[in-house]
Amino acid sequence: MEISNVLQVCLCSFLVLSYGVGVEASHQIYRNLESLQSTPTQKQPYRTGYHFQPPKNWINGPLIYKGIYHLFYQYNPLDAVWGNIVWAHTTSVDLVNWIHHDPAIYPSKPFDENGCWSGSATILPGNKPVIMYTGIDLQNRQVQNIALPKNLSDPFLREWIKPPQNPLMVPTEMNGINASSFRDPTTAWQGPDGRWRLIIGNKVRRRGRAILYRSKDFFHWVKSQHPLHSMKDTGMWECPDFFPVSTISKLGLDTSVISPSAKHVLKVSLDDTKREYYTIGTYYPVKDKYVPDFGSVDNGSGLRYDYGKFYASKTFFDSDKNRRILWGWINESSTATLDRMKGWSGVQAIPREIWLDKSRRQLVQWPVAEIKKLRVKGVHLPSTKLKGGSVVKISGVTASQADVEVTFDLPKWEKAEIFDPSWVNPELLCSEKEASKRGSVGPFGLLVLASKGLEEQTAVFFRIFKDQKSNSYVMLMCSDQSRSSLIEQDLDKTTYGAFLNVDPAHGKLSLRTLVDNVLQIDHSIVESFGGEGKTCITSRVYPKLAIGDRAQLHVFNNGTESIRITSLSAWSMKRATMY
Ligand SMILES: *[C@@H]1O[C@H](CO)[C@@H](O)[C@H](O)[C@H]1NC(C)=O
Ligand SMILES: *[C@@H]1O[C@H](CO)[C@@H](O)[C@H](O)[C@H]1NC(C)=O
Ligand SMILES: *[C@@H]1O[C@H](CO)[C@@H](O)[C@H](O)[C@H]1NC(C)=O
Ligand SMILES: *[C@@H]1O[C@H](CO)[C@@H](O)[C@H](O)[C@H]1NC(C)=O
Ligand SMILES: *[C@@H]1O[C@H](CO)[C@@H](O)[C@H](O)[C@H]1NC(C)=O
């Protein structure tokens, strides 16, 4: 098999520090890997039905390579909270079923003795993968190191070696880089001059920056005078990601592609708010500058991959199938104490294919096609009118582990409520106008993980407004966790929301929701894709009643206007294998 390109890895660190409770101020060092390597990961019971989850403890960060997808993730072998970070490793041939391996990279040298944090991989010419990662050295500085596969004939790339040239990039007084704000190198790309480039997350005071480095040989790196991009008042940039997207096709592009029919995307994870933002813009390879397009806002008011729980994400180019795939980390909504009790925390979102929307103003995401392999037993509803105030139960699927696709006829906006231009915060709007507040056109959508009497329910819905200025629609998409759980625990029940930019000429409004109840117990993931993937919202919910066989699925309309369902299909989902 002829395979080129990117092996990609991301491991964004830091994530669970803010769990607060019980987390040590500075992470511990895990010195004895012998015992870790003999941990029998193979016999762990499954916890998530089909979302990737590590054998124990919390995870984050993604994957790929060579006909075999590689997922590396930040993993604490000792605890369910952040600390002792190693690069755990798992592989898959289909992005659905996974095999766990021993950690790929773990603290062993002066340049990473205090932790092996996030990084990325690049495939060098001759199909040679290399990982660049942030090590925490003996002086607790963040430095950048590389690791190379020990045996290129091993398709599982199980063993990695750290060459003696490490560390390759260090913060110094001369280069003015703060040793505690220098992390998460990206996949490298090759410029027209043949030199490799990559960016590293950084900040100077409150200005977030993507520091650029260049190299001819991947060993000697020279810092560029200017960052690739920076933005005031955004704080530390973690897990930056920089990649091209095609303006003429949904197919993905290799990270080094620079072409007139490509735009570039820069994504950053803001440490301060634990939210991710991206812009679409132009990359100028000679000046090594990235300039967001006019209107593409590069701060905490900009576009997000996902308006729910989704952090430390990374994309990679899947050269086998010519697509770019996005992985994100879904945090818990519970406290660190609870995470410790259950012995793990965090799940990976279903990998998503990602491409540029026709408008060129935003990205579109869709679960990888492989996930359909898990569909069993579908039910299909014919075109149906949903009167205002109705709730219709969808029977015949395992509502706690399901994939639901519903399409509505785009209702007439003339009858919609008038949009108030002061409503600039969609999240706030969703919590004010939640599913139980009747409107005229909407709220309508799905009630997932609902209990028999609807005491528990997670509403994923739309609301349509009339914008008097543009004489057109304003569409709001919400995921409401406020009534998701009756368990008496300190849970984060934020209602998520975002505006959705659907072309009215299209005449349809779609919603796909993936529900995965974790081992039929009280922890679930609800991943929703509105408008064929234009707006995505992922949430964690912790139902007490609506679990296993007792969970129900409904479609509802709580507006006064009727809504027509063009089609509705729902499938029970099998479990994926992870061993
Ligand atoms: C390298 O990996 C291949 C394939 O797994 C294996 O057959 C070979 O023995 C390995 N070589 C070494 C030196 O471990
Ligand atoms: C470096 O960053 C840390 C963490 O943000 C901060 O506490 C420290 O003051 C910074 N040091 C300098 C010299 O700017
Ligand atoms: C982002 O920038 C815009 C324009 O400069 C500004 O209006 C907005 O308040 C900023 N948002 C944040 C969260 O800083
Ligand atoms: C994870 O979730 C907890 C609880 O909701 C929250 O306090 C924390 O900020 C989150 N961290 C990230 C990285 O999303
Ligand atoms: C619809 O609105 C009514 C009145 O506010 C409320 O009692 C009911 O719970 C709502 N239905 C749903 C499915 O939210």
Side-chain angles (χ1 to χ4, degrees), residues 12-21 23 58-61 74 80-82 118 206-208 231-236 238-239 269-277 279 292 294-304 306 308-313 328-339 345-347 349 386-393 424-425 433-440 442-448 450-451 453-461 463 478 480-484 489-494 496 538-542 552-560:
C12 281
S13 17
F14 293 77
L15 307 175
V16 184
L17 272 175
S18 54
Y19 265 48
V21 193
V23 183
W58 69 271
I59 66 167
N60 94 60
Q74 296 276 270
V81 295
W82 195 85
S118 185
R206 295 273 310 132
R207 176 174 281 273
M231 184 62 196
K232 64 175 188 203
D233 291 334
T234 47
M236 179 63 190
E238 297 190 297
C239 301
S269 307
L270 300 187
D271 192 21
D272 288 4
T273 58
K274 299 289 182 277
R275 290 183 166 191
E276 301 197 309
Y277 295 88
T279 52
F294 179 75
S296 199
V297 179
D298 52 354
N299 65 10
S301 302
L303 292 167
R304 294 167 64 188
D306 192 297
K309 279 206 179 282
F310 198 85
Y311 196 71
S313 73
W329 177 68
I330 313 174
N331 187 11
E332 298 294 318
S333 288
S334 49
T335 60
T337 317
L338 207 71
D339 296 341
S345 67
V347 222
L386 256 191
K387 280 222 187 96
S390 53
V391 178
V392 177
K393 185 177 168 205
V424 291
N425 183 340
K433 296 186 176 288
E434 31 128 353
S436 67
K437 300 263 166 63
R438 297 201 65 171
S440 40
F444 62 92
L446 298 172
L447 295 183
V448 303
S451 59
L454 300 183
E455 305 92 336
E456 281 184 334
Q457 52 167 285
T458 298
V460 184
F461 62 94
R463 221 176 238 277
C478 309
D480 180 359
Q481 284 68 244
S482 64
R483 288 179 287 175
S484 297
Q489 265 156 19
D490 195 9
L491 298 175
D492 170 8
K493 291 187 176 181
T494 310
Y496 302 119
T538 297
S539 58
R540 297 299 313 270
V541 298
Y542 300 71
Q552 299 187 349
L553 171 68
H554 304 266
V555 60
F556 81 100
N557 173 16
N558 222 1
T560 49

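Please read all numbers here as calculations on a predicted model, not as lab measurements. Each ligand, and each atom within it, is numbered from 1 in the order the structure gives. Positions are given from 1 along the sequence.
By the definition of a contact as any protein heavy atom under 4.0 Å away, atom 2 (O) of ligand 3 is in contact. Within a 4.0 Å radius of atom 7 (O) of ligand 5, the protein contributes no non-hydrogen atoms.
Checking side-chain atoms of D271 against main-chain N and O of M236 turns up no donor-acceptor pair under 3.5 Å. Although no hydrogens or angles enter the test, the distance criterion places a donor-acceptor pair under 3.5 Å between the side chain of E276 and the main chain of A312.
Distance NZ/K309 to CD1/I330: 10.5 Å, rounded to 0.5 Å. Atom-to-atom distance recorded for T538:OG1 and D306:CG is 3.5 Å, nearest 0.5 angstrom.
Below 3.5 Å of separation, one finds an N or O of D492 facing an N or O of ligand 4. Considering both main-chain and side-chain atoms, S436 comes within under 3.5 Å of ligand 5 through a nitrogen or oxygen pair. The shortest N or O to N or O distance between K274 and ligand 4 is not under 3.5 Å.
Closest of all the heavy-atom pairs between S451 and Q552 is O-OE1, 4.0 Å. Heavy-atom minimum distance, F461 versus A435: CZ-N, 3.6 Å.
Near S301, with a cut-off below 4.0 Å to any heavy atom, the atoms of ligand 3 are 1 (C), 8 (C), 10 (C), 11 (N), 12 (C), 13 (C). Listed by atom number, the atoms of ligand 3 under 4.0 Å from N299 heavy atoms are 1 (C), 2 (O), 3 (C), 8 (C), 10 (C), 11 (N), 12 (C), 14 (O). For ligand 4, the atoms closer than 4.0 angstrom to any heavy atom of K309 are 2 (O), 5 (O).
In the candidate list G559, A459, A435, A435 is nearest to atom 14 (O) of ligand 5, counting heavy atoms. Distances from atom 9 (O) of ligand 5 to the heavy atoms of R483, E434, R438 put R483 nearest.
When the options D492, L491, T458, T494 are evaluated for a side-chain contact (heavy atoms from CB on, under 4.5 Å) with Q481, the one that passes is T458.
For the residue pair S482/E434, the side-chain donor-acceptor check at 3.5 Å is not satisfied.
The protein atom (non-hydrogen) at minimum distance from atom 12 (C) of ligand 5 is N558 ND2, 3.3 Å.
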